[in-house]
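Here the structure is laid out as structure tokens; the discussion comes afterwards.
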Amino acid sequence: MKFIAIIPARYASTRFPGKPLAILGGKTVIQRVYEQAASVLEEAYVATDDERIFQHVESFGGRAVMTRSDHKSGTDRIEEAAEKIGTMADVIINIQGDEPFVQKSQLETLKQLFNYTDTQIGTLGKLFESADAIMNPNSPKIVTDRRGFALYFSRSVIPFVRGCEPQAWLERFPFLKHLGLYAYRREVLREITRLPQTPLEKAESLEQLRWLENGYRIRVGLTDIETVGIDTPEDLQRAEEFLKRIMV
């Protein structure tokens, strides 16, 4: 099978305008994401609505695709880019443009999910390590069935562990954190971007619930590596410190 990466990148972030072009360890954030993707996958593209990002990607030898500015999600932007590229890839991997530390092993795990013919969409989960982290609504949780397919994603703590205090829940159940990496079979990506928003998606503000509500199956791979996303200038400072540690 052929896999490619498409990296959605917007300039107009509410919390961190110009984030893809911010400098991290001597390179821009988007260049670091692109180089990580290109080191594993046959092809990588940045899908953007901003000429500055487009020109920058081409300046370091990357591939970029201009897309509309009115997309409501990165998934929609990726679909437009895939159509413009005219790709013949079997699977498209969505790597967020603010994930400069995405690892080869994570991308390989995503690829392996498609060894199963019934995988329509793939994503990753990581076991939580503390009770406090489980309670954080900014860290979506996943519950899966015995075959590794997602049953539900939630910002709330799922499942509820009856009969003990919340601080002891981690000892009773292997809570799984959702990491925002996705892979889609080409025809599935085309289909899901044509779906209207659903009640669960609106309630939780989690796009993947739209896919579940419409009967699509999301297989979850496991990783022991935490992602280090950059949403704010403070996150960029933490990423600088993280980069220094891993380069020692």
Side-chain angles (χ1 to χ4, degrees), residues 3-87 89 91-103 106-107 110 123 138 179-184 186 189-190 192-195 197 201 205-208 210 227-240 242-243:
F3 295 81
I4 69 168
I6 301 183
I7 305 161
R10 294 172 60 249
Y11 190 92
S13 167
T14 303
R15 290 190 288 176
F16 193 173
K19 176 173 57 177
L21 301 181
I23 300 299
L24 173 61
K27 296 180 180 180
T28 59
V29 170
I30 195 63
Q31 183 174 354
R32 289 194 173 277
V33 178
Y34 185 92
E35 290 176 350
Q36 291 292 92
S39 70
V40 178
L41 299 160
E42 296 178 49
E43 297 175 25
Y45 299 85
V46 173
T48 186
D49 60 357
D50 190 273
E51 188 69 28
R52 289 162 290 189
I53 296 173
F54 181 90
Q55 295 293 342
H56 172 66
V57 173
E58 291 207 325
S59 75
F60 65 72
R63 299 175 179 180
V65 182
M66 284 295 292
T67 56
R68 303 198 318 269
S69 61
D70 60 346
H71 288 303
K72 294 183 178 180
S73 71
T75 310
D76 294 335
R77 191 175 307 284
I78 286 170
E79 167 58 19
E80 183 192 352
E83 287 290 335
K84 285 191 170 183
I85 295 164
T87 182
V91 176
I92 295 171
I93 297 181
N94 174 354
I95 304 172
Q96 298 300 316
D98 56 6
E99 294 280 357
F101 302 111
V102 60
Q103 295 295 301
Q106 294 174 316
L107 298 177
L110 271 178
T123 194
N138 294 317
L179 305 184
L181 287 165
Y182 295 102
Y184 326 85
R186 177 67 190 97
L189 174 62
R190 186 179 291 114
I192 63 176
T193 53
R194 296 174 179 173
L195 298 172
Q197 283 192 306
E201 176 190 9
S205 191
L206 294 174
E207 182 185 18
Q208 60 270 34
R210 183 194 319 179
T227 56
V228 183
I230 298 173
D231 292 320
T232 66
E234 292 73 25
D235 290 338
L236 182 65
Q237 294 176 2
R238 286 191 286 271
E240 283 279 5
F242 179 77
L243 184 61

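Since the model is a prediction, treat every value here as computed from it, not as a measurement. For reference, positions follow the sequence shown, starting with 1.
- Between Leu107 and Ile95 the shortest side-chain heavy-atom distance falls below 4.5 Å.
- Defined by atom type and a distance below 3.5 Å, a donor-acceptor pair is present between the side-chain atoms of Asn94 and Gln96.
- How far CD1 of Ile92 is from CG of Leu41: 11.5 Å, rounded to the nearest 0.5 Å.
- Looking only at distances, no side-chain donor or acceptor of Arg15 sits under 3.5 Å from a matching main-chain atom of Pro233.
- Here Glu35 pairs with Lys27 under the salt bridge (Lys or Arg N to Asp or Glu O under 4.0 Å) rule; sequence neighbours left out.
- A salt bridge does not link Arg32 to Glu99: none of the charged side-chain nitrogens sits closer than 4.0 Å to a carboxylate oxygen.
- Among Ile93, Val91, Ile6, Ile192, the one residue that satisfies the side-chain contact (heavy atoms from CB on, under 4.5 Å) test with Tyr184 is Ile192.
- Side-chain contact between Thr48 and Ile30 is absent, with no heavy atoms from C-beta onward closer than 4.5 Å.
- For residues 11-30, there are no ring pair (Phe, Tyr, Trp, His ring centres under 6.0 Å) pairs, not counting sequence neighbours.
- Side-chain contact, Gln208 with Thr123: no donor N or O sits under 3.5 Å from an acceptor N or O.
- For the salt bridge (charged side-chain N to carboxylate O under 4.0 Å, His left out) condition, the pairs that include at least one residue of residues 39-48, sequence neighbours left out, are Lys2-Glu43, Glu43-Arg63.
- A salt bridge does not link Arg238 to Glu234: none of the charged side-chain nitrogens sits closer than 4.0 Å to a carboxylate oxygen.
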